[in-house]
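Some notes on the structure that comes next.
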Amino acid sequence: MGKLYNAIFSAGIAFVLACLMIGVKLNTDGTTLKVTGATSEQWAWIIGGIALVFFSQLFADQIDSAFSKIPKPKVAHFIPEGDKMTQLKPWLLAGLFVCMVVWPFMVSRGSVDLATLALIYIMLGLGLNIVVGLAGLLDLGYVAFYAVGAYTYALLSQYFDMSFWVCLPISAGMAALFGFILGFPVLRLRGDYLAIVTLGFGEIIRILLNNWTAVTGGPNGISGIAKPALFGLEFTRRSKDGSPLFHDFFGIDYSSSYKVIFLYLIAVVLVAFVIFVINRLMRMPIGRAWEALREDEIACRSLGLNRTAIKLSAFTIGASTAGFAGSFFAARQGFISPESFTFIESAIILAIVVLGGMGSQVGVILAAIVMTILPELAREFSEYRMLLFGLTMVLMMRWRPQGLVPMKRPVLELK
Amino acid sequence: MSQLLLDVNGLTMQFGGLVAVNKVNLTVKNRQIVSVIGPNGAGKTTVFNCLSGFYIPTAGSVMFKGKEIAGMKDFQISRQGLVRTFQHVRLFSNMTVIENMLVAQHRHLNTGLLSGLFKTPSYRRLEQEAMDRAIFWLKEVDLLDSANRESGNLSYGQQRRLEIARCMVTQPELLMLDEPAAGLNPNETKELDELIIKLRDEHEISILLIEHDMGLVMGISDHIYVIAQGTPLADGNADDIKNNPDVIKAYLGES
Ligand SMILES: Nc1ncnc2c1ncn2[C@@H]1O[C@H](COP(=O)(O)OP(=O)(O)OP(=O)(O)O)[C@@H](O)[C@H]1O
Ligand SMILES: [Mg+2]
């Protein structure tokens with residue numbers, strides 16, 4: 001009975017929403033607005049959709065059990081056991097790294113560019129994974145730190161002509177500083193409050209960037225941001241101020257794809273660095289403390305662990321990763337504006353973490369790749385992008401709530 | 001004059017109109033086992049929560065090693081050498097036994113990001129020392145064989161022992177145990193009895209104990225405090241308490 005009620009209720013909501021969004025249209029007619037109804041074909045679609053909602057709610061249990069019957073990929077099967085794995089691991093990693101480096105020379109420019117974008121999202125996903133997955137702090141304004149990193153590099157490069165390589169650590173440091181300043185008062189708050197405050201912080205940073213026109217250029221953003229150089233060699237066709245050029249130095253013809261590949265390679269190195277650091281962190285006392293704090297805060301306090309300091313460290317390290325990614329993003333794009341740092345960006349990064357399996361690095365990497373490549377493949381559907389996005393999330397949560405690759409912590413063993 | 005390790009005076013804890021602890025006095029000397037007993041809801045756990053900094057007492061002073069600790073943060077108090085266990089076991093149940101032991105030593109180990117990232121020699125040495133201490137205490141509570149097991153999968157008695165070992169590895173001077181024998185079988189209770197005495201005699205620490213198992217309390221306590229409805233009722237050694245008419249009345253009246 002309750003189910004029937006539920007189904008009717010859901011169908012009702014679907015009806016109201018569909019009527020408002022598709023059923024009626026407002027067209028301008030001279031100076032007045034005219035209301036036009038949907039065509040009969042559209043009404044047929046709406047009714048079909050409502051019927052779908054009704055029946056899927058009515059038979060939710062059956063659908064759920066059907067979902068649970070869909071085999072789940074057993075990741076463990078593909079991974080060799082214990083000892084063999086430790087032997088193979090360095091070889092696998094080396095092989096993977098070589099592939100990552102050789103691959104861009106064989107494919108189109110567009111693919112390399114897309115891969116670079118995926119790598120940026122991997123960095124962001126891994127950074128947020130520290131905060132949400134490992135330390136269990138829900139941060140809805142993560143994009144703010146990304147923006148801080150991007151603008152730090154953009155401004156330093158514009159006003160002080162500083163090089164990318166110098167700005168990279170400075171951007172990470174600035175983002176970390178912002179994380180620290182925000183985290184200090186906020187981390188005393190419990191989960192849901194923290195989410196709201198970080199959400200607000202994300203918006204504040206964006207609005208600040210939008211309105212501080214004198215410095216940030218406001219909505220127009222900053223353009224002409226310098227690209228990274230390889231030991232002082234630039235990748236442009238002609239030198240502006242007489243600095244040496246890459247193709248001149250090696251005596252080859254100019255090609256714009258060198259720059260794209262170079263950016264990609266930088267991204268690979270940055271991601272490798274981030275993965276290395278996070279892997280070490282998870283095995284360090286601080287990583288264990290994050291885990292312990294997530295499991296039992298009271299026990300932690302009774303053992304002399306300062307929970308604010310521990311949470312703050314996760315928050316700051318996560319923020320600095322975003323700053324890292326941000327400055328690279330600014331360098332790759334050559335142009336940034338507050339538009340790039342809206343809430344939806346935070347939501348996508350969070351979706352990457354949740355889809356991947358909170359805390360799991362492999363999962364986050366896979367999810368980041370999926371989330372950047374899928375929209376490209378489904379270009380025809382670009383209008384329905386958010387819709388597809390929502391659908392994927394709902395289906396994923398039904399089928400595999402723990403994410404693509406559930407987290408497996410590196411466990412310390414006593415020999 | 002031998003200095004008191006713990007000296008509690010007029011400790012009072014009020015929740016709104018409810019006075020859960022009312023002017024309780026309590027002293028613990030070095031190498032002493034002191035017990036706090038009382039009927040259910042008497043306020044024993046609340047006393048522990050005040051001493052360990054989980055609650056800020058409404059009134060009264062708590063001197064630990066001659067220093068006022070009432071009002072300090074919980075983690076600061078435990079760093080002074082006063083650690084507690086909980087009435088309901090609180091382990092990091094998804095972590096292994098040895099990891100539980102290492103988390104407890106976090107502040108000795110956490111020497112900075114860079115030294116950990118680069119595994120400097122001093123970091124390795126600290127980690128080795130922490131490991132050695134963990135192994136030592138796991139041996140003391142007979143859990144070394146289970147070191148790599150997930151602590152949530154241990155038997156109840158083992159979990160209780162792990163909780164004690166996890167406190168001991170922080171090198172405390174006063175260990176506060178909240179009903180450590182609850183849920184143990186007679187055999188395990190006897191082992192616990194021996195462990196507590198060993199902690200006092202060999203490891204030279206003091207123990208403050210809340211316990212309902214009268215056999216255990218009477219057998220090992222150097223001094224016993226009785227509280228009922230938050231108010232001190234009596235104190236003295238085991239014989240004094242056994243023969244005190246007020247205490248008998250409080251316990252019989254309750255059941
Ligand atoms: N945070 C709190 N807020 C309000 N009342 C509390 C709080 N903590 C404890 N109390 C009240 O204080 C009284 C004493 O509780 P306490 O847990 O200290 O008893 P206890 O002696 O440990 O009992 P038991 O033997 O059952 O463990 C109870 O009436 C309890 O309801
Ligand atoms: Mg109690």
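Because only heavy atoms are used, hydrogens play no part in the values below, and waters and symmetry mates are left out as well, while side chains stay in. Quick caveat, the model's predicted, so the values are computed rather than measured. The chains referred to below are lettered A, B, ... by the order of the sequence lines, with proteins before strands, and numbering in each begins at 1.
Remark: Cys300(A) engages Ala292(A), Leu293(A), Leu305(A), Phe92(B) in a side chain to side chain contact (heavy atoms under 4.5 Å, CB included) (not counting sequence neighbours).
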Practice task
Determine, step by step, whether Asp296(A) and Met95(B) satisfy the side-chain contact (heavy atoms from CB on, under 4.5 Å) criterion, reporting the C-alpha distance in whole Å, the side-chain angles of both residues, the deciding distance to 0.1 Å, and the verdict.
Solution key: CA-CA 11 Å; Asp296(A) 196 328; Met95(B) 301 176 93; over 6 Å; no
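No side-chain donor-acceptor contact under 3.5 Å links Arg301(A) to the backbone of Phe75(B). Looking at Glu99(B), its side chain never comes within 3.5 Å of a backbone N or O of Arg288(A) through a donor-acceptor pair. Judged by distance alone, with hydrogens and angles left aside, the side-chain atoms of Glu295(A) form no donor-acceptor pair with the main-chain N or O of Leu91(B) at under 3.5 Å.
Of all the listed residues (Glu150(B), Arg107(B), His106(B)), the one sharing the greatest number of non-hydrogen pairs under 4.5 Å with chain A is His106(B). For the options Leu82(B), Val83(B), Val97(B), Leu102(B), heavy-atom pairs under 4.5 Å to chain A are most numerous at Leu102(B).
For Ile56(B), the CD1 atom sits in a loose shell: 12 or fewer heavy atoms of surrounding residues, nucleotides or ligands are nearer than 6.0 Å. For CZ of Phe15(B), the number of neighbouring non-hydrogen atoms (other residues, nucleotides, ligands) closer than 6.0 Å is greater than 12. Under a cut-off of 6.0 angstrom, the local environment of OH in Tyr193(A) is sparse, with at most 12 non-hydrogen atoms contributed by other residues, nucleotides or ligands. Shown here is Tyr156(B), whose OH atom has more than 12 heavy atoms of other residues, nucleotides or ligands within 6.0 Å.
Among all heavy-atom pairs drawn from Ala299(A) and Arg166(B), the shortest one is CB-NH2, 3.8 Å.
A 4.5 Å side-chain heavy-atom check between Thr308(A) and Lys73(B) finds every atom pair outside the cut-off. Leu303(A) has its side chain out of reach of Gln105(B): every pair of non-hydrogen atoms, C-beta onward, lies at least 4.5 Å apart.
Residue contact with chain A, scored on non-hydrogen atoms closer than 4.5 Å, involves the backbone and the side chain of Ser93(B) alike. If you measure heavy-atom distances from Ser52(B) to chain A, you find no contacts under 4.5 Å at all. Proximity to chain B (any heavy atom under 4.5 Å) is shown, for Ile298(A), by both the backbone and the side chain.
Taking CD of Glu163(B) as the start and OG of Ser302(A) as the end, the distance is 7.5 Å to the nearest 0.5 Å.
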